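Report on the following structure.
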There are 2 protein chains.
Amino acid sequence: MELQVIKTDRLYIKVAQQLSKLIRDGKIKPGERFPAERDLASQLGVSRPTIREAMIALEISGIIEIRTGSGIYVTGKKPTLYTIDRGVGPFEILEIRYIIEAEACALAAERITETQLAQLRTALREMEEEEKQEDATEKADWKFHSIIAEASQNSAIYLVVNWLWELRNQSVLSTSFLESIRKEGIHPSLNDHKRILEALEKRNPERARIAMKHHIDNATSAAAAHFGPEA
Amino acid sequence: MELQVIKTDRLYIKVAQQLSKLIRDGKIKPGERFPAERDLASQLGVSRPTIREAMIALEISGIIEIRTGSGIYVTGKKPTLYTIDRGVGPFEILEIRYIIEAEACALAAERITETQLAQLRTALREMEEEEKQEDATEKADWKFHSIIAEASQNSAIYLVVNWLWELRNQSVLSTSFLESIRKEGIHPSLNDHKRILEALEKRNPERARIAMKHHIDNATSAAAAHFGPEA
DNA sequence: CCCTGTCAATTGGTAATACCAATATAGTTT
DNA sequence: AAACTATATTGGTATTACCAATTGACAGGG
């Protein structure tokens, strides 16, 4: 018999759970602002430092955004994975994306809804628009991949894929790497994405898997040609 | 031209980065205790609430453990992924593990060191010992899979695999599910793990991939037989 | 009527101080 | 040597204060 350590949750954790429940229940919608810290403290019967501690937990999970002098806003983002010490290199990101996004694509081919197909078409059009701009942000590219992860109907896959994209965008190493790629005119291939979409429209898991692998292979080759494969 | 929002980091983030650097640099080793909050505040020239806010960030990344009345200890864990709202079901965990751990195993077959092979043999022996106990915790099972993820030499894979295991152990739904499985005498198959180890010893990626897929298939079938596949 | 500038109120950021509760350590007693 | 007690050290939470950023209201000028 193994005894478990009795550890009561700290107050800030309880408060954070309560506040995230307000968001989950739709009481405070994306874009809306929380009551001020002082008001929340009063309503919940806790101190302002405790509210601030709870807000830190919510902030780093990504579901709120804190703006000094303005307020605390619900981002509308799903809670994301978070790591403080990011030492993941760009090729490691590509390698794990090759593994996970290919299979996510195959699962999506079986499980995708018509709504999600329509969303993918929209994202593809946005990518076409983005490509005309000089310093596009690849928001549409991320959206495209995020919809596929969502269509896999596995929330762990969804969380991990979005974390990888966030990692890719936040990492100093990765962003300077991506900026160099952009300057050299290397863009995510629209043709690759069109093939992915076609495979999903045909609900063909094998073709979807192959199309996504091909796409990430291309991205990896482009990166390797730029930096060399050891980066 | 796209303007970027100028946003300075908050003080607690700067402090958290500094403190995690102390750990990374080996200044404070696993098991060791941080100076008291009051002392840290004095040394860093910030207030105690700011130290506490920074510690919250480190706590939920898993690299420190806070014990009331005792102190703040370095856990020795690598920073883990963290999500507040865990809605990932046990079958979703198994599904993504099927995807990622199989490929991690194939990569490990190419990249594993003799030291890691020795660590795997030790973990296997510990699993044998654990199986004799009535309420084993599967620590050795986790260790076995964690070593393989590490041997893949992809830190993103390592982070995600450990996050999945932590998710599996922390989720209320998953732990009650695992407890039911344990009560019915369903244990992780030692034979499966032996086959995985053999494939890694032979440095055969294809056999390693197949062995890991077979193992997770077996775990999924056992779970499905118990709960039904919609859980 | 619209735009700009100013001021005050509201908001978050950080700090200092206080007190409570949990733990650890040292000393005393059995 | 072990057990018990007391004290010091530690984290947990709260109160209050002040600073800085933002927002909104209002007034004045074009």
Side-chain angles (χ1 to χ4, degrees), chain A residues 3-20 22-23 27-75 84, chain B residues 3-20 22-23 27-75 77:
Chain A
L3 294 176
Q4 296 288 349
V5 172
I6 296 172
K7 191 173 186 184
T8 57
D9 270 346
R10 290 173 58 188
L11 194 51
Y12 88 83
I13 292 174
K14 292 173 178 169
V15 169
Q17 283 165 348
Q18 236 181 308
L19 297 176
S20 68
L22 289 180
I23 299 174
K27 298 291 180 28
I28 308 181
K29 299 172 172 58
E32 283 185 1
R33 193 175 62 176
F34 265 95
E37 287 177 356
R38 291 168 179 86
D39 294 332
L40 281 173
S42 184
Q43 287 167 33
L44 296 177
V46 298
S47 71
R48 212 181 132 220
T50 297
I51 294 292
R52 292 179 59 78
E53 291 181 352
M55 291 303 185
I56 283 174
L58 300 185
E59 176 184 33
I60 63 189
S61 81
I63 65 179
I64 65 167
E65 179 192 353
I66 299 176
R67 300 184 206 152
T68 303
S70 180
I72 299 165
Y73 295 85
V74 179
T75 57
I84 275 189
Chain B
L3 294 175
Q4 295 289 349
V5 172
I6 296 171
K7 190 174 186 183
T8 57
D9 267 348
R10 293 172 57 186
L11 193 52
Y12 89 82
I13 292 174
K14 292 173 180 170
V15 169
Q17 282 165 348
Q18 237 180 307
L19 297 176
S20 68
L22 289 180
I23 299 173
K27 298 291 181 23
I28 308 181
K29 300 175 172 58
E32 283 185 2
R33 194 174 61 173
F34 265 96
E37 288 179 355
R38 292 167 178 84
D39 293 331
L40 282 173
S42 183
Q43 287 168 33
L44 296 177
V46 298
S47 72
R48 214 184 129 218
T50 298
I51 294 292
R52 292 180 58 78
E53 291 182 351
M55 291 302 186
I56 284 175
L58 301 184
E59 176 184 33
I60 63 188
S61 82
I63 65 179
I64 65 166
E65 179 191 352
I66 298 175
R67 299 182 206 154
T68 302
S70 180
I72 298 165
Y73 296 85
V74 179
T75 56
K77 290 177 178 173

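This one's a predicted model, so the numbers in the text were calculated from it and none came from an experiment. Here is how names work: the chains are called A, B, and so on, in the same order as the sequence lines, proteins then strands, and each is numbered from 1.
A/Met55 places its CE atom 13 Å from the P atom of C/dT11, with the value rounded to the nearest Å. The nearest whole Å value for the distance from the CD atom in A/Glu53 to the P atom in D/dT15 is 14 Å. Rounded to a whole Å, the CD1 atom of B/Ile13 is 14 Å from the C1' atom of C/dG12. Between A/Ile51 atom CD1 and C/dG12 atom C1' the separation is 13 Å, expressed in whole Å. The distance between atom CD1 of B/Ile56 and atom P of D/dG11, rounded to the nearest whole Å, is 13 Å. One interatomic measurement links the two molecules: CD of B/Glu59 to C1' of D/dG11, which rounds to 11 Å at whole-angstrom precision. Following rounding to the nearest Å, A/Ile66 (CD1) and D/dT22 (P) show an atom-to-atom distance of 14 Å. Between the CG atom of A/Leu58 and the C1' atom of C/dG12 there is a distance of 15 Å, rounded to whole Å.
At least one side-chain heavy atom of A/Leu19 sits under 4.5 Å from a side-chain heavy atom of A/Met55. Side-chain contact check for A/Ile66 versus A/Phe34: every heavy-atom pair is 4.5 Å or farther apart. Side-chain atoms of B/Val46 and B/Lys14, non-hydrogen and from C-beta on, never get closer than 4.5 Å to each other. At a threshold of 4.5 Å between non-hydrogen side-chain atoms, the residues B/Ile64 and B/Ser20 do not count as touching. Looking at A/Leu22 and A/Val74, their side chains never come closer than 4.5 Å, going by heavy atoms from C-beta outward.
The side-chain contact (heavy atoms from CB on, under 4.5 Å) test with B/Ile72 singles out one residue from B/Glu37, B/Glu65, B/Arg67, and that residue is B/Glu37.
One finds no side-chain N or O of A/Ser70 lying less than 4.0 angstrom from the OP1 or OP2 phosphate oxygen of C/dG12. Contact annotation: B/Ser47 reaches the phosphate of C/dA15 (side-chain N/O to OP1 or OP2, under 4.0 Å). Dashed line: the shortest gap from a side-chain N or O of A/Arg52 to OP1 or OP2 of C/dG13 is under 4.0 Å. Within the 4.0 Å cut-off from OP1 or OP2 of D/dA14, at least one side-chain nitrogen or oxygen of A/Thr50 is found.
For B/Thr68, counting side-chain heavy atoms from C-beta on, the closest listed nucleotide (C/dA22, C/dA15, C/dG12) is C/dA22.
The residue among A/Gly69 and A/Pro49 whose nearest nucleotide of DNA chain D is located toward the 5' end is A/Pro49.
Residues passing the side-chain hydrogen bond (donor to acceptor under 3.5 Å, both in side chains) test with B/Ser70 are B/Tyr73, sequence neighbours excluded.
For the segment residues 27-41 of chain A, the set of residues with a heavy atom within less than 4.0 Å of an atom of DNA chain D comprises A/Arg38, in numerical order.
Applying the 3.5 Å distance criterion, the base of C/dG12 shares no donor-acceptor pair with the side chain of B/Arg10. Looking at A/Arg48, its side chain comes within 3.5 Å of the base of C/dG13 through a donor and an acceptor atom.
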